[in-house]
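Shown below is the structure under consideration.
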Amino acid sequence: MSGYKEYKSLDLPSLENEVGKFWEEKKIFEKSISTRDGKEPFVFYEGPPSANGMPGIHHVMGRAIKDLFCRYKTQRGFQVNRKSGWDTHGLPVELSVEKNLGITKEDIGKKISIEEYNAECRREVLKYQDAWEKLTHKMGYWVDLKNPYVTFDNNYIETLWWALKQLYDKGLLYEGYTIQPYSPAAGTGLSTHELNQPGCYRLVKDTTVVAQFKVVNDEKSKFLFHDVQLPVYFLAWTTTPWTLPSNTALTVGGEIEYSLIQTFNPYTAIPINVILAKSLIAKYFESNFENAEMKFEAGKKELPWKVLSTFKGKDLDGVRYEQLLPYQQPTDGDAFKVVTGDFVTTEDGTGIVHTAPSFGSDDFRMAKKYNLGSLTLVDKQGKFVDGVGEFSGMYVKNYKDDKNYESPDVLICIKLKKENKAFKVEKYEHNYPHCWRTDKPVIYYPLDSWFVKTTAAKDRMMELNNTINWKPESTGTGRFGNWLENLQDWNLSRSRFWGTPLPLWKSEDETEVVCIGSIADLKEQINLSAENAKQFGLEYDVQSISGNLKDLHRPFIDRIYLISKTGKKLSRTPDLVDVWFDSGAMPYAQWHFPFENKELFAKNFPADFIAEGVDQTRGWFFTLHALATLLYDSVAYKNVVSNGLVLDKNGNKMSKRLGNSVDPFETLDKYGADATRWYMISNSQPWDNLKFDIAGIDEVKRKFFGTLYNTYNFFALYANIDKFNYSEDEVPLNKRPEIDQWIISLLNSLVKTVQADFENYEPTHAVRTIQQFVDEHLSNWYVRLCRRRFWKGDYTEDKIAAYQTLYKCLLTISKLIAPVSPFFADKLYIDLNSVSKKENAESVHLSDWPETNDKEIDSSLEERMQIAQDISSLVLSLRKKVNIKVRQPLNKIMIPVLNTTFKSQVEAIQDLVLSEVNVKAIEFITDAEGVIKKKAKANFKLLGQKLGKNMKAAADVIILFNQKEIAELEKNKAIAVLINDNPVEILLEEVEIFSEDIPGWQVANKNELIVALDITISTSLQEEGNARELVNKLQKMRKDGGFNITDRVMLSIEKHDFINATILNFKNYICAEILADDLQMVEQLSDAEVVEVNDFPIKIILKQKK
RNA sequence: AGUCCCGUAGCUCAGCUGGUUAGAGCACUACACUGAUAAUGUAGGGGUCGGCAGUUCAAAUCUGCCCGGGACUACCA
């Protein structure tokens, strides 16, 4: 029979390689699903990564979390399908293609055809697929890579169309002309997601101006001119002076108080009256010069001012003013008047907001509400259109990196200053969004877009969100909840090339719109178009148009046009769909639902579990949720883990630029996936950021895997000698020694804890608990104390019990760690099981989660063992204090006992302790002898509630209780005392009674436990100590001599006064320990080895018996 | 600017619903032990629990404000 595999060293990477090959050959992953056929599914959705970039170490983190719960659920008996996916559309792909080809957006369709361009994107997008798959295998992430969903797939797109059509039919898809972030440099609108790439908002210094808008004196405004004949101006602040030519209104807050102030223009010194929010006066005027003499020179600081009147914003409603920069006038509505809006604040500016409907969304809203006209005097390239005087053709920001660039912001301010239209011009530092791709400032610009009316389902989305189990909870209620509360409609349109085309066909006059929900639908529309065309005598070649259906991307789809029944030509709206729609619709699209797999979909919706980075909260987590709510009035996922970032060891973000990023392949190659995964999961909660330190992986490897490996090797070594293969009947637990019962009890508790933690998506606690069990309890206590049981004596029931116990612990551990460290776990499982054949699973990942047995949990035993460990630790520390090595036996330890339960607890573990600390006996000291002095201490928790304010005084009283008082308390279970002159009865259970030091002994204590050690060494103890020392040296000689553990030996020792008696008295012991068949004392030994035994040189010859 | 998370030993982190010597591992130092040996044990130093206030008999723990780090959100003129 071949025994348990023994190992020379722990080499995780090569072990993983081997296990990985085994999984592949035996199709273990496939079996982990197929063997669960018919079982309850546990539905997991894989968030699709984009394979146009290399995977990073944070992907290992994210995937470790996903993998561990899927594996765990499999062990629990669920069937866990894991379809992989690739996110293939979107700007990042397009941009890297542009970069590769050295082109810009404007070149597409000119220098390169859309067809070629998109073909390039298709190639680019899976550029690193190999690397991703390699990482997947290497890190042991189990996901079905053979049948991934790919978002550029026609089938996938068809489902997206279906979803869009559903929304369209429900009236949840609409077209709107709105103000959106727009990057003139990139020539595209930007999504909020893109705008919120890290670093997009940057502190910039802009030239800002408080402009003067001259009030028209008429019926409405005459209250402003009542006292004075001076011109009156509204003061309005802007950080974007370039929008001033497009100003068509001013917005005030209806309830905000405004003041009319008499003063001078600081630049021209022309006497003026100005209007601004009362609470902001101090921002522009110094209190020193209030009501000063009305005299001012340009450039001086002493600007006199005087409040003439104060009124509410609503009084200004409808007041007209003269256009500030009259280059062009709006034709689409009223203009140049004051309106009221609730968004106005008095935090900065003047409380009067310059309103340019084309360049701000609040502005746009005001324009809609008050039917204001608009001026769009900047084109899509970001330059002023013709007809804006000297500014015509100028770029509003330096988009072209022109060295001689002059900012229109500055020029406009200069102009306004000269014309007595600027009250204050200054540089101002503020956050402003920039295009993440071009680094250039974004402007807000009116664009036509299609929206999903997510606001319609806002309340429902919030309700459904409350049913989702978020880890951590705060992300769900806080970050996600707040986001839902402030929900805006979802802007779907993207004017790009590589992505899912919007399935909308429109007539040129925009009166007719068709939304297509499937390829069949489109075919039908094409056939209908042919009929309609015939009716109107138009040409329409069904064949050539249908030829464009093979690939639903642009440009083919754009070539399809339709003819409506009124004879109008309908062309496709050229926009693409936001890529987040792609991934948000993956629950449906991954199955090509509803065109195929209806049942499969029904079984796999919603997901039980998803996990991604916290940065996906407003990304994937949102789009999944929004679409599920809108389409199915359901959540898309029931449990979601949002993990934090992986930072470098100093807590900085990893970036290629800083050179502090960690290569996942290198890490996995060097340390292995198991150690890396274990480190990541154990080091910090998944939702906290991980400060990734390579040294931590090393520690995990040594501390955890090293210990576990050592424990296994220890087991294998002796089990092989004894040919233990678990063929014997199970030794009943109650027939096994206490220590076996104890470790089994702990093991049961461990399984329970770990199981609960995994169920609650708390992997970190689970992993730490396992680690503690393996290190502290299994290795450093159980194995350490039981070593002799394994290598001493015959193959008795006790020995079998020891093997069975340790085997069970190891096998159970292999199952518990399988979700987190799948390779090592499987190796351990297979190595154990291949000899015992106790289980019939081929791999730990096909095995079932261990059962727990509450009857095997014995908390009083666990408590006892804790006492044993404490006593041992105290005795060892005492030995250390007096410098007596453990090999030197001592007579006794003494322990004061204050009650009988404690005494019986110690008696039960007496033998363990005695052999552990090498002492002959435990002596119990009771207070009957009067040796120990009792003390009492308040139980703060109990007494605090009872006494409240008197707690402190009571504690002081109790600690001073004398022996008599304590005796009374113990006898009567209560004692009456005076606390702050109040009579109070203190109950026995409200105090803790402990003993003070034992006078005259070497004592040590831990909390209430006190241990004293008798350190007198008699001659026989000394001899025994010598014997043990000698045995130790002989064992070393055996080992150095390369003897096998089971080899028998012959021993000769040269006589020496120091050792003669020892050998005489302990001959049998010595021989037994070192497996000597013969021990001879000789007068003189030549060629002998000299060993020091307790400082005396002893000559010895040790020979292997042939 | 708002929302959320984090701040405990040199490092990485525990410390649950407030309760009296604030813990563990790593690292460091010293000493032991050892047929699990590229392990193990014991002891030691090292903390104003980010700061300030409040609630309470009692605060690392609850509340408020502030500081520092991070994430997310944001047209704030």
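Just so you know, these numbers use all the heavy atoms, side chains as well, and skip hydrogens, waters and symmetry mates.
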**Request:** May I ask you to check whether A:F790 and A:Y803 place their ring centres under 6.0 Å from each other?
**Result:**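 For A:Y803 and A:F790, the ring centres are under 6.0 Å apart.
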**Asked** How long is the line joining CD of A:Q869 and C1' of B:rG41, in whole Å?
**Response**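 Atom-to-atom, A:Q869 to B:rG41, this comes out as 13 Å.
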**Message:** Just to be sure I understand the rule, does A:Y718 reach a base, reach only the sugar-phosphate, or reach nothing, if contact means heavy atoms closer than 4.0 Å?
**Reply:**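 Answer is sugar-phosphate: A:Y718 comes under 4.0 Å of backbone atoms only.
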**Prompt:** Between A:R784 and B:rU40, does any side-chain N or O lie under 4.0 Å from OP1 or OP2?
**Reply:**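 So the side chain of A:R784 is outside the cut-off, no N or O lying under 4.0 Å from OP1 or OP2 of B:rU40.
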**Item:** A:F715 and A:Y807 aromatic ring geometry - parallel, tilted or perpendicular at 30°/60° bounds
**Value:**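 The rings of A:Y807 and A:F715 sit tilted, inter-plane angle from 30° to 60°.
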**Request:** Quick one: label A:Q771 by what it contacts on the DNA or RNA (base, sugar-phosphate, nothing), any heavy atom closer than 4.0 Å.
**Result:**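 Result for A:Q771 = nothing.
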**Request:** For A:S684, report the nucleic acid contact type (base, sugar-phosphate, nothing); a contact means any heavy atom under 4.0 Å.
**Result:**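 Since only primed, P, OP1 and OP2 atoms lie under 4.0 Å of A:S684, the category is sugar-phosphate.
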**Asked** Which comes earlier along RNA chain B counting from the 5' end, the contact point of A:H354 or that of A:L942, where each point is its nearest nucleotide?
**Response**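 In this pair, the answer is A:L942.
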**Request:** Could you please name the option among B:rU20, B:rA36, B:rA77 that lies closest to any side-chain atom of A:N710?
**Result:**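 My answer, after comparing the listed nucleotides, is B:rA36.
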**Message:** Using ring centroids (six-membered ring only for Trp), state whether A:F621 and A:W470 fall under 6.0 Å.
**Reply:**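 That pair passes the under 6.0 Å test.
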**Prompt:** Rounded to the Å, how far apart are A:R787 CZ and B:rG41 P?
**Reply:**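 Result: 11 Å.
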**Request:** Name all pairs fulfilling the side chain to side chain donor-acceptor pair (under 3.5 Å) condition that reach into residues 695-705 of chain A, sequence neighbours left out, sorted by first residue then second.
**Result:**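 Of all non-adjacent pairs touching residues 695-705 of chain A, none passes side chain to side chain donor-acceptor pair (under 3.5 Å).
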**Message:** Rounding to an integer number of Å, can you tell me how far A:K283 NZ sits from B:rA77 C1'?
**Reply:**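 Going from NZ in A:K283 over to C1' in B:rA77 covers 11 Å.
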**Prompt:** Of the options A:Y444, A:F364, A:W242, A:Y182, which is the one that meets A:F359 in a ring-ring contact (aromatic ring centres under 6.0 Å, His included)?
**Reply:**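 The option that passes is A:W242.
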**Message:** Do A:E612 and A:N643 pair up side chain to side chain, a donor and an acceptor below 3.5 Å, judged on atom types alone?
**Reply:**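 The answer is no; no qualifying pair exists.
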**Message:** Heavy atoms only, 4.0 Å cut-off, all strands: where does A:K703 land among base, sugar-phosphate and nothing?
**Reply:**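 It contacts sugar-phosphate atoms only.
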**Asked** Do A:D362 side-chain and B:rC75 base share a donor-acceptor contact under 3.5 Å?
**Response**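 A donor-acceptor contact between them is present.
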**Request:** Could you state the atom-to-atom distance from CD of A:E1029 to P of B:rA32 in whole Å?
**Result:**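 Nearest whole value for this atom pair: 12 Å.
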**Request:** Classify the nucleic acid contact of A:E699 as base, sugar-phosphate or nothing, counting any heavy atom under 4.0 Å across all strands shown.
**Result:**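 Since only primed, P, OP1 and OP2 atoms lie under 4.0 Å of A:E699, the category is sugar-phosphate.
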**Message:** By the 4.0 Å heavy-atom rule, please label A:R768 as base, sugar-phosphate, or nothing.
**Reply:**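 Sugar-phosphate: the residue A:R768, judged by heavy atoms under 4.0 Å, touches backbone atoms but no base.
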**Item:** Touch class at under 4.0 angstrom, heavy-atom based, for A:G944 against every strand present
**Value:**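 Here A:G944 touches the bases of the nucleic acid.
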**Asked** For A:D693, which contact category applies under a 4.0 Å heavy-atom criterion: base, sugar-phosphate, or nothing?
**Response**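 Result for A:D693 = nothing.
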**Message:** I want to check something: taking the side chain as every heavy atom from C-beta on, are A:S684 and A:F692 in contact at a cut-off of under 4.5 Å?
**Reply:**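 They are not in side-chain contact.
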**Message:** Rounding to an integer number of Å, can you tell me how far A:D698 CG sits from B:rA39 C1'?
**Reply:**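 In whole Å, B:rA39 C1' lies 15 Å from A:D698 CG.
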**Complete:** Writing each nucleotide of RNA chain B 5' to 3' as (, ), [, ], | or . by Watson-Crick or G-U pairing under 3.5 Å yields (((((((..((((.....[...)))).(((((.......))))).....(((((..]....))))))))))))....
**Message:** For a quick test of reading the model: is some side-chain N or O of A:K941 closer than 4.0 Å to OP1 or OP2 of B:rG19?
**Reply:**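 Answer no for this pair, as no side-chain N or O of A:K941 is under 4.0 Å from OP1 or OP2.
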**Message:** So A:N950, base contact, sugar-phosphate only, or nothing? Heavy-atom distance under 4.0 Å.
**Reply:**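 Nothing, no heavy atom under 4.0 Å.
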**Request:** Taking only the side-chain heavy atoms of A:K691 (C-beta and beyond), determine which of B:rA77, B:rA27, B:rU12 contains the nearest atom.
**Result:**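 Nearest to the side chain of A:K691 among the choices is B:rU12.
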**Message:** Applying a 4.0 Å non-hydrogen cut-off, can you work out what A:T350 is touching in the nucleic acid: base, sugar-phosphate, or nothing?
**Reply:**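 Result for A:T350 = nothing.
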**Request:** Calculate the interatomic distance between A:K952 atom NZ and B:rA58 atom P; express it in whole Å.
**Result:**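 Checked: the NZ to P distance equals 6 Å.
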**Asked** Expressed as a whole number of Å, how far does the P atom of B:rU17 sit from that of B:rU63?
**Response**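 About 10 Å, rounded to a whole number of Å.
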**Request:** Send over the distance from A:L778 CG to B:rA39 C1', rounded to a whole Å.
**Result:**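 Those two atoms, CG and C1', are 14 Å apart.
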**Asked** Which part of the nucleic acid does A:L645 contact within heavy-atom distance under 4.0 Å: base, sugar-phosphate only, or nothing?
**Response**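 The answer is sugar-phosphate, as A:L645 gets under 4.0 Å only of primed atoms, P, OP1 or OP2.
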**Prompt:** Is it true that the side chains of A:Q1104 and A:D1047 contain a donor and an acceptor less than 3.5 Å apart?
**Reply:**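 Indeed, the side chains of A:Q1104 and A:D1047 share at least one donor-acceptor pair under 3.5 Å.
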**B:rC33 phosphate, OP1 or OP2, under 4.0 Å from A:R1028 side-chain N/O** =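 No, because none of the side-chain N or O atoms of A:R1028 sits under 4.0 Å from OP1 or OP2 of B:rC33.
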**Request:** Could you tell me whether the phosphate oxygens of B:rG41, OP1 or OP2, come under 4.0 Å of any side-chain nitrogen or oxygen in A:N780?
**Result:**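 Checking B:rG41 against A:N780, a side-chain N or O does come within under 4.0 Å of OP1 or OP2.
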**Message:** Without decimals, in angstroms, what is the distance between A:N689 CG and B:rG7 P?
**Reply:**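 Taking atom P of B:rG7 as the reference, CG of A:N689 is at 12 Å.
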**Asked** Does the base of B:rA39 carry an N or O that pairs as donor and acceptor with the side chain of A:T707 under 3.5 Å?
**Response**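 When only heavy-atom distances are counted, A:T707 does not reach the base of B:rA39 through any donor-acceptor pair under 3.5 Å.
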**Message:** So A:F1043, base contact, sugar-phosphate only, or nothing? Heavy-atom distance under 4.0 Å.
**Reply:**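 It contacts base atoms.
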**Request:** Identify whether any heavy atom of A:E1073 sits under 4.0 Å from a base atom; if not, whether one sits that close to sugar-phosphate; answer base, sugar-phosphate or nothing.
**Result:**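 No contact.
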**Asked** What heavy-atom pair brings A:S358 and A:I179 nearest, and what distance separates the two atoms?
**Response**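 Closest heavy-atom pair between A:S358 and A:I179: O-CD1, 3.4 Å.
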**Message:** Both A:S9 and A:E776 contact RNA chain B. Which one's nearest nucleotide lies toward the 5' end?
**Reply:**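 The residue mapped nearer the 5' terminus is A:E776.
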